[in-house]
Amino acid sequence: MRQRIRKVLNREMLISVALGQVLSLLVCGIGLTSKYLAEDFHANTPVFQSFLNYILLFLVYTTTLAVRQGEENLLAILRRRWWKYMVLGLIDLEANYLVVKAYQYTTLTSVQLLDCFVIPVVILLSWFFLLIRYKAVHFIGIVVCILGMGCMVGADVLVGRHQGAGGNKLVGDLLVLGGATLYGISNVWEESIIRTLSRVEFLGMIGLFGAFFSGIQLAIMEHKELLKVPWDWQIGLLYVGFSACMFGLYSFMPVVIKKTSATSVNLSLLTADLYSLFCGLFLFHYKELGHIFSGLYLLSFFTILIGLVLYSSTSTYIAQDPRVYKQFRNPSGPVVDLPSTAQVEPSVTYTSLGQETEEEPHVRVA
């Protein structure tokens, strides 16, 4: 029986890691299409690219909410929570914009290092607002992942890939830190919404307010850049590819966050730069990497994967709190049985792995 349970847990852990790598590959696709647009066609249009994604979200998910009946209808949701989604839409839009803008001012190495700031932001926000508590193995896994990222940055420095625009490094670094902070807020807020409400509601409202605000920002800040784009079928195909990857990332990320957590997802995304590098060997002919590639970069990749496995091997949990009575489901997280003499409120188990289902989970209290 124990061996069977262990096999199930190992399978769920591997599924969790694999799902995170799917997201990382989508981020890689976003980066590659952006690189082609910016470097080969001189199309620097980050707001327009975000606008295309929000329009797709609007057409698919916002219209789905519009045709629903009852309390899940678009108008009913707007009456109750419009201002929350308006703030979240602005945060999500500006997080994307700040990080992309930072590349104009600082180096690739700085962006890679400072973008890791999203991880402590997510951990702290999850601790205080979602009441998630971590075990020692989780912090060990996080440190191992960050060490792997540091190894990759070190390899970049050795082979010269750390060069960038660097026109005003301080401004660029501040933009990255600001974008990482907003990403962390957005991810934790997203986790709260999809666990207490629904994935479709989150994506529908992000599509609505994201399209609205990005459209305004596009008209004010980027309309001249858009007119300079040398439109042809290749550029159109790149925009389609970017939009498809971004739409896939937004649509699939809530599924992975519900099955794992916002922290786990952000750790998984650390491998995205490495996937971009692997693709760059064939697409951009990074011949300057030489023999270093087979050593430091592969070491970095496997170090991050080891950290992910360590983090996913044990469940996190929710702190005892009178406001919390919901168990987040996962086969690796057993239901907590409390002694009948206990005077505290029920303890709730939150897990980093699990099945996505629609019915409300339960807490078993002795």
Side-chain angles (χ1 to χ4, degrees), residues 21-57 92-93 95-112 115 152-153 155-156 159-167 172 175-176 179 183 210 214 217-218 221-253 268-290 293 297 300-301:
Q21 295 312 293
V22 172
L23 294 179
S24 195
L25 286 170
L26 288 171
V27 172
C28 170
I30 292 168
L32 289 176
T33 51
S34 296
K35 183 179 179 67
Y36 269 119
L37 285 169
E39 295 189 359
D40 291 9
F41 298 98
H42 306 289
N44 297 306
T45 56
V47 179
F48 177 66
Q49 290 166 229
S50 295
F51 177 72
L52 293 176
N53 172 57
Y54 290 127
I55 287 294
L56 287 176
L57 293 175
D92 188 76
L93 171 64
N96 291 322
Y97 177 77
L98 289 178
V99 173
V100 173
K101 191 71 173 177
Y103 283 96
Q104 299 180 19
Y105 298 97
T106 189
T107 62
L108 173 64
T109 302
S110 294
V111 173
Q112 290 172 333
D115 200 34
M152 185 191 72
V153 171
D156 282 347
V159 301
R161 289 184 69 239
H162 64 290
Q163 299 300 322
L175 288 174
V176 178
Y183 269 132
S214 62
Q217 190 167 344
L218 174 63
M221 302 177 60
E222 212 171 77
H223 63 281
K224 292 183 179 179
E225 286 292 332
L226 202 57
L227 294 175
K228 297 178 183 178
V229 175
W231 292 98
D232 59 21
W233 69 269
Q234 290 178 306
I235 292 180
L237 195 60
L238 286 172
Y239 275 115
V240 170
F242 175 90
S243 301
C245 290
M246 185 70 89
F247 178 77
L249 178 67
Y250 270 70
S251 298
F252 191 49
M253 183 177 284
S268 298
L269 295 182
L270 292 178
T271 58
D273 288 326
L274 287 162
Y275 287 128
S276 297
L277 176 63
F278 299 156
C279 294
L281 288 173
F282 303 99
L283 298 176
F284 303 112
H285 308 294
Y286 291 158
K287 296 178 181 179
E288 72 275 11
L289 297 182
F293 170 79
Y297 284 114
S300 172
F301 180 73

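The basis for the numbers below is simple: all heavy atoms, side chains too, and nothing from hydrogens, waters or symmetry mates.
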Q: For Ser24 versus Ala272, what's the shortest heavy-atom pair and its separation?
A: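 Here Ser24 and Ala272 meet closest at OG-N, 2.8 Å.
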Q: Please identify each residue that fulfils side chain to side chain donor-acceptor pair (under 3.5 Å) with Gln21, with sequence neighbours left out.
A: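 Side chain to side chain donor-acceptor pair (under 3.5 Å) list for Gln21, sorted by chain: Thr271, Tyr275.
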Q: Residues in side-chain contact (heavy atoms from CB on, under 4.5 Å) with Ala95, at least two apart?
A: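 Expected list: Leu182, Tyr183.
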Q: First locate atom OH of Tyr36, then atom CG of Leu238, and finally report the distance between them rounded to the nearest 0.5 Å.
A: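 Between atom OH of Tyr36 and atom CG of Leu238 there are 8.0 Å.
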Q: Holding to side chain to side chain donor-acceptor pair (under 3.5 Å), I want the full list of residues that pass it with Ser34, two or more places apart in sequence or in another chain.
A: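 With sequence neighbours excluded, Ser34 shows a side chain to side chain donor-acceptor pair (under 3.5 Å) to Gln49, given in chain and number order.
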Q: Roughly how far, to the nearest 0.5 Å, is the NE2 atom of His223 from the CD atom of Gln217?
A: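 It comes to 13.0 Å.
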Q: Any heavy-atom pair between the side chains of Met152 and Asp273 that's under 4.5 Å?
A: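 When only atoms from C-beta onward are counted, Met152 and Asp273 do touch, with a gap below 4.5 Å.
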Q: What verdict does the side-chain contact (heavy atoms from CB on, under 4.5 Å) test give for Asp232 and Ile235, after you've listed the backbone C-alpha separation in whole Å, the side-chain angles of each residue and the deciding distance to 0.1 Å?
A: CA-CA 6 Å; Asp232 59 21; Ile235 292 180; 3.5 Å; yes
Q: Can you list the residues that meet the side-chain contact (heavy atoms from CB on, under 4.5 Å) rule with Ser214, with sequence neighbours excluded?
A: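 By the side-chain contact (heavy atoms from CB on, under 4.5 Å) rule, Ser214 matches Phe51, Tyr54, Leu93.
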Q: Let me see the working for Tyr97 and Leu175 under side-chain contact (heavy atoms from CB on, under 4.5 Å), right down to the final yes or no.
A: CA-CA 9 Å; Tyr97 177 77; Leu175 288 174; over 6 Å; no
Q: The test is side-chain contact (heavy atoms from CB on, under 4.5 Å); show your working for Val229 and Phe41 and say whether it passes.
A: CA-CA 8 Å; Val229 175; Phe41 298 98; over 6 Å; no
Q: What is the minimum heavy-atom distance between Ala102 and Gly172, and which atoms define it?
A: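 Smallest heavy-atom distance, with atoms named: CB-O, 3.5 Å.
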Q: Restricting to non-hydrogen atoms, name the atom on Leu269 and the atom on Val27 that form the minimum distance, rounded to 0.1 Å.
A: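 Looks like CD2-CG2, 3.8 Å.
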Q: Would you mind reporting whether Pro230 and His42 have side-chain heavy atoms less than 4.5 Å apart?
A: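 No - every pair of side-chain heavy atoms lies 4.5 Å or more apart.
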Q: Only counting residues at least two apart or in another chain, list the ones meeting side-chain contact (heavy atoms from CB on, under 4.5 Å) with Leu237.
A: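 Once residues adjacent in sequence are excluded, the partners of Leu237 under the side-chain contact (heavy atoms from CB on, under 4.5 Å) criterion are Trp233.
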Q: Only pairs under 3.5 Å count here: list side-chain donor-acceptor contacts from residues 242-252, not counting sequence neighbours, and write none if there are none.
A:
unit_1	atom_1	unit_2	atom_2	d
Ser243	OG	Tyr239	O	2.8
Tyr250	OH	Asp92	OD1	3.3
Tyr250	OH	Asp92	OD2	2.6
Tyr250	OH	Asn96	ND2	3.0
Ser251	OG	Tyr61	OH	3.0
Ser251	OG	Phe247	O	2.9

